[in-house]
A.B. asks: 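Okay, handing you the structure first.
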Amino acid sequence: MSVNLTISNKVATVTLNRPQVHNAFDDITIIQLIDVITQACEQDVRILILKSEGRHFSAGADLGWMKSMADNDFDDNFADSQQLAKLMHTLANCPMPTICQVQGAAFGGALGLIACCDIAFASPDAKFCLSEVKLGLIPAVISPYVIKAIGERQSRRYFLSAEIFKADKALELGLIHEITDELESTVNDAIKNILNNSPKAVIAAKELIEDVANKEINQTLQDLTAERIASIRVSVEGQEGLSAFFEKRAPNWQQ
């Protein structure tokens, strides 16, 4: 398998396992990623971690696969690209929080995977590149997610220049949230923080971001946000959380 899935203590870990090709992905890897992420989202888990074996997170598209696709016609290329689009959509729409763990190179489509995750941590040696135009291509399928993460203005630079940038620049752009020498322990700390929170409130908060971001602040949006907080206040976990706070005890999801 090019992709491994493990589930332990309510945490699903999806691992790219092609270190011999720097975790570059081909059509088989994309299908496997879709399958395991879908499977994880259907399990009783609260967090999904995306990581890779070896020195590099992912070199992007596998060169052998790209060469074979170059010989195919438009219809074959369109169908193939739709699979990549399905992968990005599947990851971006996971109901639970998703955390990306990045080391070494993250090139091309790998930036789409990072941008689709809710939280991203990177090691100091991480380097990034939207390299498609160097090959006469464009980062089309990943573009909605990368532009959403780093903004249109920054996308204009990095889509067009295909320059390599380091972890500190990725942090400045908002592609990642933190640079850390202790990647595993930082991810584990993030897991602990999320697991301490109300499971249903975390999912509702993620849905809220999607429904509120970039929307006009009008009466419709005000009504939506008022309805959301009213609904969760009277929910089982909302009542438990408030009761635990006032009674100075841990809520039942922490036990």
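Scope of the values below: all heavy atoms of this structure, side chains included, with no hydrogens, waters or symmetry mates. Computed from a predicted structure; not experimentally measured.
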A.B. asks: If you link I, L, V, M, F, W and Y whenever their side-chain heavy atoms are under 4.5 Å apart, who else ends up in the same group as Phe74?
C.D. replies: Phe78
A.B. asks: Counting distance only, does the side-chain N/O of Ser58 pair as donor-acceptor with the main-chain N or O of Gly60 below 3.5 Å?
C.D. replies: yes
A.B. asks: Taking C-beta and beyond as the side chain, do Asp168 and Ile179 meet within less than 4.5 Å on heavy atoms?
C.D. replies: yes
A.B. asks: By ring-ring contact (aromatic ring centres under 6.0 Å, His included), which residues pair with Tyr158, not counting sequence neighbours?
C.D. replies: Phe165
A.B. asks: For Asn17 and Met1, run side-chain contact (heavy atoms from CB on, under 4.5 Å): C-alpha distance rounded to whole Å, both residues' side-chain angles, the deciding distance at 0.1 Å, then the answer.
C.D. replies: CA-CA 7 Å; Asn17 189 28; Met1 288 282 287; over 6 Å; no
A.B. asks: Ignoring hydrogens and angles, write down the donor-acceptor pairs under 3.5 Å from the side chains of residues 237-245, residues two or more places apart or on other chains.
C.D. replies:
residue : atom : partner : partner atom : Å
Glu237  : OE1  : Ser198  : OG           : 2.4
Glu237  : OE1  : Lys200  : N            : 2.9
Gln239  : NE2  : Arg233  : O            : 2.7
Glu240  : OE1  : Arg249  : NH2          : 3.3
Glu240  : OE2  : Arg249  : NH1          : 2.8
Glu240  : OE2  : Asn252  : N            : 3.0
Ser243  : OG   : Gln239  : O            : 2.9

A.B. asks: Just wondering, more than 12 heavy atoms not from Gln82 lying within 6.0 Å of its CD?
C.D. replies: yes
A.B. asks: Side chains of Val146 and Pro139, heavy atoms from C-beta outward: is any pair under 4.5 Å?
C.D. replies: no
A.B. asks: If hydrophobic clusters are built from ILVMFWY residues whose side chains come within less than 4.5 Å, do Leu183 and Ile176 share one?
C.D. replies: no
A.B. asks: Do Arg46 side-chain atoms and Leu195 backbone N/O form a donor-acceptor pair below 3.5 Å?
C.D. replies: yes
A.B. asks: Would you compute the distance between atom CG of Leu91 and atom CD1 of Ile37 and round it to the nearest 0.5 angstrom?
C.D. replies: 4.5 Å
A.B. asks: How far does OG of Ser155 sit from CZ of Arg153, to the nearest 0.5 angstrom?
C.D. replies: 11.0 Å
A.B. asks: Does the side chain of Phe128 come within less than 4.5 Å of Ile164's, by heavy atoms?
C.D. replies: no
A.B. asks: Using a 4.5 Å cut-off on heavy atoms from C-beta on, say whether the side chain of Asn4 contacts that of Val14.
C.D. replies: no
A.B. asks: Membership question, hydrophobic clusters at under 4.5 Å side-chain separation (ILVMFWY): are Leu16 and Leu84 in the same one?
C.D. replies: yes
A.B. asks: Indicate if Leu171 and Leu130 have the same hydrophobic cluster label, given that clusters are the connected sets of ILVMFWY residues with side-chain heavy-atom separations under 4.5 angstrom.
C.D. replies: yes
A.B. asks: If only atom types and distance count, is the side chain of Glu132 paired as donor or acceptor with the main-chain N or O of Leu137 below 3.5 Å?
C.D. replies: no
A.B. asks: Please report the interatomic distance CD(Glu172) to CD1(Ile150), rounded to the nearest 0.5 Å.
C.D. replies: 11.0 Å
A.B. asks: Are Val202 and Val45 connected, step by step, through hydrophobic side chains (Ile, Leu, Val, Met, Phe, Trp, Tyr) whose heavy atoms are closer than 4.5 Å?
C.D. replies: no
A.B. asks: Whether the side chain of Asp80 engages the backbone of Asp76 through a donor-acceptor N/O pair (distance < 3.5 Å, no angle test) should be reported.
C.D. replies: no
A.B. asks: Contact between Val141 and Leu87 at the side-chain level, heavy atoms closer than 4.5 Å - yes or no?
C.D. replies: no
A.B. asks: Quick one: does any side-chain atom of Asn218 pair with a main-chain N or O of Thr220 as donor and acceptor, under 3.5 Å?
C.D. replies: yes
A.B. asks: Which donor-acceptor pairs under 3.5 Å do side chains of residues 101-124 form with protein atoms, sequence neighbours excluded?
C.D. replies:
residue : atom : partner : partner atom : Å
Gln101  : NE2  : Glu184  : OE2          : 3.0
Gln103  : NE2  : Ser52   : O            : 3.3
Gln103  : NE2  : Gly54   : O            : 3.0
Asp118  : OD2  : Thr98   : N            : 2.9
Asp118  : OD2  : Thr98   : OG1          : 3.2
Asp118  : OD2  : Lys206  : NZ           : 2.7
Ser123  : OG   : Asp125  : OD1          : 2.3

A.B. asks: I'd like to know if Glu210 pairs up with Arg228 as an ion pair, taking the criterion as any Lys NZ or Arg NE/NH1/NH2 lying under 4.0 Å from an Asp or Glu carboxylate oxygen.
C.D. replies: no
A.B. asks: Got a sec, which hydrophobics cluster with Ile229, joining ILVMFWY side chains under 4.5 Å apart, including via others?
C.D. replies: Ile232
A.B. asks: Rounded at 0.5 Å granularity, tell me how far CG in Leu48 sits from OG1 in Thr13.
C.D. replies: 7.5 Å
A.B. asks: In terms of heavy-atom contacts, does NZ of Lys192 have more than 12 from other residues, nucleotides or ligands at under 6.0 Å?
C.D. replies: no
A.B. asks: Can you list the residues that meet the salt bridge (charged side-chain N to carboxylate O under 4.0 Å, His left out) rule with Lys166, with sequence neighbours excluded?
C.D. replies: none
A.B. asks: Give a yes or no on whether Tyr145 and Met96 share a hydrophobic cluster (residues Ile, Leu, Val, Met, Phe, Trp, Tyr; joining criterion: side-chain heavy atoms under 4.5 Å apart).
C.D. replies: yes
A.B. asks: Please set out all donor-acceptor pairs under 3.5 angstrom arising from side-chain atoms of residues 23-33, sequence neighbours excluded.
C.D. replies:
residue : atom : partner : partner atom : Å
Asn23   : OD1  : Arg18   : N            : 2.8
Asn23   : ND2  : Glu53   : O            : 2.6
Asn23   : ND2  : His56   : O            : 2.8
Asp26   : OD1  : Ile28   : N            : 3.3
Asp26   : OD1  : Thr29   : N            : 2.9
Asp26   : OD1  : Thr29   : OG1          : 2.8
Gln32   : OE1  : Ser2    : N            : 2.8
Gln32   : OE1  : Val3    : N            : 3.2

A.B. asks: At what distance, to the nearest 0.5 angstrom, does CE of Met88 lie from CD1 of Ile34?
C.D. replies: 9.5 Å
A.B. asks: Excluding sequence neighbours, so at least two apart, what forms salt bridge (charged side-chain N to carboxylate O under 4.0 Å, His left out) with Glu227?
C.D. replies: none
A.B. asks: Connecting only ILVMFWY residues whose side-chain heavy atoms lie within less than 4.5 Å of each other, what is the rest of Leu224's hydrophobic cluster?
C.D. replies: Leu208, Val212, Ile217, Leu221
A.B. asks: Apply side-chain contact (heavy atoms from CB on, under 4.5 Å) to residues Thr186 and Glu178 and explain how you reach the verdict.
C.D. replies: CA-CA 9 Å; Thr186 300; Glu178 185 176 338; 4.0 Å; yes
A.B. asks: Do you know the tightest heavy-atom contact between Ala190 and Ile99?
C.D. replies: CB-CD1, 4.0 Å
A.B. asks: Apply salt bridge (charged side-chain N to carboxylate O under 4.0 Å, His left out) to Arg157 and list each qualifying residue two or more places apart in sequence or on a separate chain.
C.D. replies: Glu163
A.B. asks: Side chain of Trp253, backbone of Pro199: donor and acceptor closer than 3.5 Å?
C.D. replies: no
A.B. asks: Taking atom CG of Leu50 and atom SG of Cys100, what is their separation to the nearest 0.5 Å?
C.D. replies: 4.5 Å
A.B. asks: Return yes if a side-chain donor-acceptor contact under 3.5 Å exists between Asp223 and Gln219, otherwise no.
C.D. replies: yes
A.B. asks: Which residues pass the salt bridge (charged side-chain N to carboxylate O under 4.0 Å, His left out) test with Glu152, sequence neighbours left out?
C.D. replies: Arg156
A.B. asks: Please list, chain by chain and in numerical order, all residues satisfying side-chain hydrogen bond (donor to acceptor under 3.5 Å, both in side chains) with Asn214, sequence neighbours excluded.
C.D. replies: none
